[in-house]
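See below for the structure under consideration.
Throughout, numbering of the chain's residues begins at 1 and tracks the sequence. Read the numbers this way: they start at 1 and go in the same order the structure lists the ligands and their atoms. These figures come from a predicted structure and were not determined experimentally.
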Amino acid sequence: METLLQNPLVVAASCVVLILLTILYRALTNPLRSLPGPWYSTFTRLPLKAAIMSGRRVFHVHALHQKYGAVVRISPDEVAVSNREGLAQIHRIGGAFRKTEWYHELTAQGDGRYSIFTMTDPKEHAARRRLLARPFSKTFLNQHWHGTVRELTRMAVRRMGEAAKEDGGKVDVMQWWTFMTMDVAGRLMFGHSFDNLERGTVSDFMRVVTTRLIVTGISVELPWIKAIAGVLTLLPVPALRNMFSPNDALYEHGRKFLHSIQASESSSNIFSNIATEAEKGEKLWMDDVHLEASGLIIAGTDTTSTTLTYLTWAVLSRPTLQRDLEQEVSQLPGDYTDTDLEKLPLLNAVIEESLRLYGAAPSGLPRAVPPGGTSIAGHFINAGTTVTTQAYTYHRDASLFPDPDEFLPSRWLHDGISAEAKKAFHPFGAGARTCVGLHLAYMELRLASAEFFRQCKGARLAESATEEAMEMENYFLVVPRGHKCEVLLGA
Ligand code: HEM
């Protein structure tokens with residue numbers, strides 16, 4: 001016995017056997033063991049992790065739903081759900097399913113402060129939401145921000161035309177929509193213009209904003225990357241810090257912008273009143289204000305610009321639709337407003353269809369099963385399990401959206417989609433955690449796309465804007481895999 005234990009090979013083999021037995025024991029006693037799903041999801045998260053790392057999570061989970069049905073075990077402790085009852089149950093307002101710790105990891109400030117997007121405690125969240133709901137309401141936006149959004153959408157389309165003239169008629173609309181959405185977010189949150197549209201070049205801050213979710217998303221999966229990144233960011237190279245520690249870089253910018261609010265006389269931005277309250281020590285602390293404001297820049301930039309990019313691409317891929325839309329928006333008066341646009345049937349149908357197929361956040365929204373467990377579609381799921389619902393799959397349910405993979409704005413016209421389909425349609429999330437920026441997003445989508453199809457009649461896709469280049473890359477949000485969408489103007 002003594003000699004056996006002295007043999008390193010025997011010790012190593014015993015450890016391996018012990019680990020395997022533990023995995024087997026856990027697998028066989030796990031309450032999720034009877035759920036449908038691939039055999040490997042009982043034992044390992046690796047295939048899911050590989051899909052996340054390669055930006056293919058939504059496709060991986062969608063394929064599992066198609067094979068195994070509406071409730072699928074996708075890893076030892078994670079279950080994906082795609083039926084309507086499950087969606088209503090998990091995201092019910094006042095329900096007990098909380099956001100999971102995964103959201104905390106996204107902020108990773110380490111000081112216990114979280115933004116409206118990343119906080120998991122319902123009471124804390126409700127208080128924060130109350131504070132932000134009014135400035136993001138449709139009425140408030142119309143009264144205070146319509147002019148700014150209108151001005152910036154116009155400027156975006158004008159600047160696209162100028163950029164195209166300098167490049168033989170070609171322009172990357174994705175880049176210009178991103179300049180625009182970030183300028184809108186900067187003006188609304190901080191009263192500070194990032195001047196992206198004016199400059200027309202990608203700033204360091206914009207790079208941080210557009211890469212942050214990818215970097216943080218991957219480092220949640222591979223914690224050792226965080227450790228290496230931590231060391232790299234100690235080097236005095238700002239580019240490394242922006243790349244590997246985007247949260248720090250982001251909050252630093254947030255602080256700077258907040259100073260510009262405090263220095264400015266004007267109170268015409270969403271955070272100025274909240275910041276004043278915070279200075280008095282009421283409602284929010286200053287650290288919370290800059291955390292929120294920076295977070296809202298992220299939440300409001302790539303989301304709307306990606307949706308606009310896919311909308312532009314989808315319409316330009318269909319000449320008849322393009323002609324009809326150009327015709328509809330050409331009837332508008334020169335001083336049209338967002339209220340005028342809300343009345344245009346085709347424009348709004350195109351927007352809804354773009355959100356259905358290409359909404360920027362179609363991934364599973366992770367929630368934790370509350371104490372006592374839950375039952376979905378006859379399957380018991382124990383407390384603590386992560387359940388996800390992905391809009392990508394709900395929006396491609398053929399029983400609700402016939403020809404689900406086809407871009408068909410006509411399905412939204414006349415009587416529109418069925419009541420059941422409406423319940424399943426949730427490009428902005430669901431329940432108490434639904435998108436607070438939804439009205440702003442719709443306002444930008446309407447004003448920007450109307451202006452584009454009025455001013456850029458006859459625009460065509462450049463050769464580079466292929467199906468392949470526009471395939472979605474998914475790191476929580478989606479972007480075209482080619483990271484651009486080139487269009488030819490002035491044809
Ligand atoms: C087309 C554009 C947009 C899409 C598709 C979108 C989508 C979403 C989705 C799906 C969620 C739920 C996330 C979850 O449950 O984990 C969400 C939440 C959120 N969004 Fe948006 N969003 C868009 C634009 C915006 C804009 C313009 C802003 C603000 C400037 C914004 C701010 C937020 C915030 C703060 C939350 C968290 C709300 C909460 O938990 O109470 N979003 N968004």
Side-chain angles (χ1 to χ4, degrees), residues 58 87 90-91 93 97-100 102-107 114-122 124-133 135-138 140-141 145 149 152 177-178 180-190 209 213 217 269-271 291-311 351-352 354-368 386-392 394-395 425-449 472 474 476-479:
V58 275
L87 183 69
I90 293 167
H91 296 286
I93 294 180
F97 290 73
R98 294 179 175 205
K99 279 193 170 181
T100 61
W102 178 82
Y103 287 90
H104 281 178
E105 294 283 331
L106 287 185
T107 338
Y114 299 105
S115 69
I116 182 171
F117 180 68
T118 56
M119 46 183 54
T120 55
D121 181 73
E124 218 182 321
H125 171 260
R128 187 65 52 90
R129 180 96 188 191
R130 270 196 301 279
L131 212 53
L132 290 174
F136 279 101
S137 69
K138 198 169 169 185
F140 192 92
L141 288 170
W145 293 112
V149 180
L152 291 172
W177 290 141
T178 312
M180 184 200 83
T181 51
M182 198 167 150
D183 280 358
V184 168
R187 286 276 282 276
L188 267 63
M189 301 324 143
F190 298 107
V209 167
L213 266 177
N269 62 70
I270 284 179
F271 274 92
L291 181 74
E292 281 305 349
S294 321
L296 283 162
I297 301 283
I298 298 265
T301 297
D302 276 1
T303 46
T304 313
S305 69
T306 293
T307 310
L308 264 174
T309 300
Y310 275 110
L311 181 155
I351 289 173
E352 296 297 68
S354 303
L355 286 164
R356 183 182 74 83
L357 281 180
Y358 309 117
S363 275
L365 311 173
R367 302 291 188 263
T386 295
V387 280
T388 57
T389 46
Q390 57 173 32
Y392 185 92
Y394 282 90
H395 293 180
F425 181 64
H426 64 288
F428 292 99
R433 307 304 296 259
T434 198
C435 179
V436 82
L438 173 158
H439 298 299
L440 173 61
Y442 269 117
M443 182 186 268
E444 288 185 71
L445 290 171
R446 280 187 296 265
L447 287 168
S449 46
M472 291 178 187
N474 166 228
F476 191 68
L477 298 181
V478 289
V479 285

Contact partition for [X] relative to ligand 1, non-hydrogen atoms under 4.0 Å:
X      : value
Leu296 : both
Met119 : neither
Met189 : side chain
Arg129 : side chain
Leu188 : neither

| For ligand 1, which atoms have a heavy atom of Ala360 less than 4.0 angstrom away? | 5 (C)

| Atoms of ligand 1 close to Thr307 [distance to a heavy atom under 4.0 angstrom, numbered from 1] |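 In order of numbering, the contacting atoms are 1 (C).
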
| request: Output every pair passing salt bridge (Lys or Arg N to Asp or Glu O under 4.0 Å) with a member in residues 296-307, not counting sequence neighbours, ordered by first then second residue. | output: none

| task | Please name all residues satisfying salt bridge (Lys or Arg N to Asp or Glu O under 4.0 Å) with Arg356, sequence neighbours left out, ordered by chain then number. | result |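 Applying salt bridge (Lys or Arg N to Asp or Glu O under 4.0 Å) to Arg356 gives Glu353.
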
| For Arg433, which residues count as a salt bridge (Lys or Arg N to Asp or Glu O under 4.0 Å) partner, sequence neighbours excluded? |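 Checked Arg433 against salt bridge (Lys or Arg N to Asp or Glu O under 4.0 Å); zero matches.
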
| Protein heavy atom at shortest distance from atom 14 (C) of ligand 1 | Tyr103 OH, 3.5 Å

| Heavy-atom nearest neighbour in the protein, as seen from atom 41 (O) of ligand 1, with distance rounded to 0.1 Å |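 Protein heavy atom with the smallest distance to atom 41 (O) of ligand 1: His125 NE2, 2.6 Å.
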
| field | Protein N, O or S within less than 2.8 Å of atom 21 (Fe) of ligand 1, waters excluded | value | Cys435 SG

| message | Working to the nearest 0.5 angstrom, can you tell me the gap between Thr389 OG1 and Leu365 CG? | response |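 Nearest 0.5 Å value for the OG1-CG distance: 4.5 Å.
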
| request: Using the six-membered ring wherever Trp is involved, compare the ring planes of Tyr442 and Phe428 and label them parallel, tilted or perpendicular (cut-offs 30° and 60°). | output: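 Geometry flag for Phe428 against Tyr442: tilted rings.
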
| query | Looking only at atom types and distance, does a side-chain atom of Ser115 sit under 3.5 Å from a main-chain N or O of Glu292, one as donor and one as acceptor? | reply |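 No, Ser115 side chain to Glu292 backbone: no donor-acceptor pair under 3.5 Å.
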
| field | Non-hydrogen atom of Pro427 closer than 4.0 Å to ligand 1 | value | yes

| said: Quick check: Arg367 and ligand 1, any N/O pair under 3.5 Å apart? | reply: yes

